[in-house]
Each structure stands twice: as structure tokens, then as C-alpha cells.
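Because only heavy atoms are used, hydrogens play no part in the values below, and waters and symmetry mates are left out as well, while side chains stay in. We count residues from 1, following the sequence as given. When a ligand or atom number is given, it counts from 1 through the structure's own listing order. Just so it is clear, the structure is predicted and the values come from calculations on it, not from any experiment.
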Amino acid sequence: MAPSMAEQMLRNVENHDDDHLTNTPMVTLGDPALANSWEWMADLEAKPQMKYQELVELANSCDPFALVEEDIRTLAGGIKTLLGSDHPVLESCAKYFFDQEKGGGKTIRPTMVLAVSYALNMGIASSSSNSEEVTTTDVGVGASNRQRRLAEIVEMIHTASLFHDDVIDKAGTRRGVPSVNQIFGNKLAILGGDYLLSRASVNLARLRNLEVTEIIATVIEHLVKGEILQMKPTGQPTGTGAFTRYMKKNFYKTASLMGHGCLAAAVLGNHSEQERRAAYLYGTYLGQAFQLVDDMLDFEDNSILTGKAPLADLHSGLATAPTLFAAEEHPKLVDLISRKFELPGDVDEALGFVKQSKGLQRSRDLAQVHAEKAIEAIQVLPDSPARVALVALA
Ligand code: FPP
Ligand code: MG
């Protein structure tokens, strides 16, 4: 007698017949371990190759935000369409940061996804083997509809993580306006973030690309891991181990979304393994540089640029690159870091040590090393206005 369906299913489970489908990563970049890896980071002792002035000139050579301006202009509206709900409070909470009057943020992540898409699509514009419809822009080839949708999904996931982060950090403001938890309360901020994440996931599935789904799902895992690594640090408070943990945390919290977002754009466009790797490395290196600069800005009174109060990291007990470097020159910082700058006067004392040290300069150099690595990674792509824009962004 033929086995019943239930018996068959039980046998499949016992025999692990579909293990190869459920347990094997699809994303390879030549080696399954590399796609998720933060170990491709630049050597911590590496020195910048370019003069700072040369980088400034490259940055001024073109405006990357202008390149993708048209696509970014419709981004918030596109996201709001994806966020329709039959509950008015949930809907207005989830849409909170996509209203124009809230300033909309820097949109650096979708800008990267779009500019990388433009740069990659240059090479396939004339190829008949690619079925994706790409748009034409003032500078030539643009992004496909699915790459634009990916840019929206990436921004939705980032915004969801900020909703949750502001609850964890008890933040009262974000991007210079009251934070979502401040307006709607913690419970709705968490649920609003969950809703954003769920709508992003539905629309991710609708891209009908399993590899891209795996890439972006991995990013969500990484965001959570990064937050936990930051919340519950282990091991020695300073030294090489602490620095490596800091870079690992930055990969999970910041660089993974940027790197994997760019990689997903390359996968959606059916680009070659070499191009996927270039996109992933560009985004990941740039993400590390971005976080290092963000951590430096915390020491300067740049509240207009960052939308945050200065010294927020020290006040939350976090030792970032400038402090970790400074501790090599001022061992007294080790005690302050260990007790998370909790005693009265600790934050001011730590600030004094950082200012007297090479901590900020060494952090800037490390950021530059990563920016240079990002630039180097995309040299395999054809020369185009989009590639120039990616260099300028780095
Ligand atoms: C900002 O960090 C926060 C992040 C980059 C990620 C936060 C991730 C989570 C809360 C995990 C949950 C993830 C999802 C997808 C719901 P920060 O506090 O250093 O920066 P800030 O100064 O901008 O707040
Ligand atoms: Mg925060």
C-alpha cells in the first residue's frame, strides 16, 4: 500500500531529504563563507595611500546624490505606498519618517544601492541576455524597477532598526525631530518597526529571487547581532581583541546592510561573480568607513550634521575607535572604559584623553583606508559617470 502523505512527510523529515535545500547557502561569491564575512576588513595597521587633499578633490568631482536624485525623489512615496494599512495609527507610525517635513534622512543606503545598480548596468546595457528592463537617465543607464524596489526595501529595514534602536537607547530625537517612540510611545514604536520589517519582507519575497531573499534576510540577522554585540560586550575592554570586536560589531550593525544591499543589486541584475564581489566589497568597506566617521563626529560638536547630541557614545558607555586608540597612549582610559564612563566626571576625563591623543587622527586614517579599499573594489566595473559618483561617495 502506498504510504499516506503524513507518512511520506515524516519519512522525508527522518531522512533529511531536503537538507541540501534548507541548509546550503545560495550566496557564494566564490566561497559560501565570504558573503557573510566581516573578516575582509582592512588591516588595522594599514596606512592611507592617497593624500587627504586628493580624496577631497575626488569627493568634489561629482555629486553622487545628484546622480540618483530622480529615483530618490520618488523613494519615500514608493515606500509609503508599500506601507498602506487598515489601521490609521499603525500606518502613521510606520510612515513617520517618510513624510517630507521629517527631513527624510540622508538616504545614503538607497543612494548606494541605486548608484551601484547604475554602474553595474552600464556593462549590460547592450547585452541581450539580460532580461531586466533598465531605465535611461541623463547620465546613461539607470536602475531596473526591481533594483529600485530593493532600494526601498533597504531603507525600510534601516528605518525599522532605528525605530527599535531609539526605544533601546531611550532617544528623544532622531534626525533633528522627535523620535517615533517620543511621539507614539515605546509599544507602538516597536510594533511600527515590526510592521515596516514585515512589509519589507513581503516585498522582498515579491522580487521573486531566492538569492536576494537570503542576502537581505541575513542582513536582518546581522542587525540584531550587531546590537547585541554592542549591548553585551565580552573580553578585554581595550587592545587588539577589543578593536577587532568593535570592527565586527560595526560590520553587523552598519556595513552588512550596505554591502549586502549592493550585492543584492548585482544579483538582481544578473551580474557576474566578479561584479557581485566588487559591489559587496564596495558597500562593506564604505560601511566600515561610514561608521568610523560617524564615531569620530560624536567627539565634535556636529549636532547639526548628525542630528544627535555630542558625546552620545561616551554617555551611553560605548568606547569607539577614537577612545580605543587613545587608550593605547593613556592607560588610565582602561578603567574608565571598563566602568562605562559611569562615575561623575568620567565622560569629561575620557574626552580630555581622546583630545590629547592621536585617537581621532588614527580613526580618520582607518576610515580613509576603508574608503580607498571601496574605491579599489569598483575599478573592475566599466568607467562611467556612476562609477565616478561611487568614488566621490567614498
Ligand atoms: C543605530 O545605532 C542602530 C542601528 C544601526 C541598528 C539597530 C538594530 C537593532 C535595534 C536590531 C533590530 C533590527 C531590526 C531590523 C528591527 P546607534 O545607536 O549607534 O546610532 P544612532 O546614534 O543613530 O542611534
Ligand atoms: Mg541609537
Side-chain angles (χ1 to χ4, degrees), residues 38 93-94 96-97 102-109 112 152-182 186-204 215-233 245-261 283-284 286-300 302-323 340:
W38 58 276
C93 173
Y96 182 66
F97 275 123
K102 302 287 177 324
K106 296 182 283 288
T107 57
I108 178 111
R109 291 157 187 82
M112 283 169 74
E152 292 170 358
I153 291 168
V154 161
E155 189 65 2
M156 285 162 81
I157 293 173
H158 169 61
T159 308
S161 79
L162 296 183
F163 277 26
H164 287 191
D165 182 68
D166 285 343
V167 172
I168 294 170
D169 291 349
K170 301 188 177 75
T173 56
R174 161 80 54 193
R175 297 171 180 166
V177 293
S179 55
V180 78
N181 46 310
Q182 184 73 23
N186 282 350
K187 291 180 186 175
L188 268 172
I190 294 294
L191 291 169
D194 289 343
Y195 182 66
L196 264 169
L197 204 54
S198 57
R199 293 301 298 157
S201 306
V202 168
N203 285 284
L204 176 62
I215 290 169
I216 301 296
T218 304
V219 169
I220 299 175
E221 174 194 332
H222 285 177
L223 286 167
V224 177
K225 273 189 186 167
E227 192 68 20
I228 295 285
L229 279 174
Q230 177 170 300
M231 206 187 274
K232 301 271 173 221
R245 274 199 314 279
Y246 162 76
M247 295 300 281
K248 180 174 173 179
K249 183 261 292 175
N250 288 352
F251 169 74
Y252 284 134
K253 242 184 83 170
T254 309
S256 173
L257 179 56
M258 294 180 169
H260 284 107
T284 308
L286 195 49
Q288 287 284 12
F290 178 91
Q291 190 58 52
L292 283 161
V293 172
D294 197 58
D295 291 345
M296 283 170 57
L297 289 176
D298 198 48
F299 285 87
E300 292 160 25
N302 259 318
S303 37
I304 295 179
L305 191 64
T306 60
K308 302 174 213 162
L311 303 179
D313 290 334
L314 290 181
H315 283 293
S316 349
L318 293 178
T320 59
T323 314
K340 300 190 166 163

Query - Side-chain donor-acceptor contact under 3.5 Å, Gln291 with Lys253 - result: no
Under 2.8 Å from the Mg ion (ligand 2), the protein N, O or S atoms found are Asp165 OD2, Asp169 OD2
Sidechain-backbone polar pair: Ser179 side chain, Ala171 backbone, donor-acceptor under 3.5 Å: yes
Any heavy atom of Asp194 under 4.0 Å from ligand 1? The part involved is neither
Does Arg175 make a cation-pi contact with Phe97 (under 6.0 Å, within 45 degrees of the axis)?
yes
Donor-acceptor pair, Gln288 side chain versus Met247 backbone, under 3.5 Å?
yes
Original post:
Is there any N or O on Ser161 that sits under 3.5 Å from an N or O of ligand 1?
Top reply: no
Atoms of ligand 1 under 4.0 Å from any heavy atom of Asp169, numbered from 1 in the order shown, are 18 (O), 24 (O)
With Arg174 as partner, the option from Thr159, Asp169, Asp166 fulfilling side chain to side chain contact (heavy atoms under 4.5 Å, CB included) is Asp166
Honestly, for Thr254 the part within reach of ligand 1 (heavy atoms, under 4.0 Å) is neither
By ring-ring contact (aromatic ring centres under 6.0 Å, His included), Tyr246 pairs with (sequence neighbours left out) Phe243
Filtering Arg174, Glu227, Lys249 for the heavy atom nearest atom 21 (P) of ligand 1 leaves Arg174
Leu197 heavy atoms within 4.0 Å reach ligand 1 at atoms 15 (C), 16 (C)
Per side chain to side chain contact (heavy atoms under 4.5 Å, CB included), Asn181 is matched among Ile190, Asp165, Asn186 by Asn186
- Query: Taking the side chain from Asp298 and the backbone from Ala312, do they hold a donor-acceptor pair closer than 3.5 Å?
  - Reply: yes
Original post:
Is there a donor-acceptor pair closer than 3.5 Å between any side-chain N or O of Asp294 and the backbone N or O of Phe290?
Top reply: no
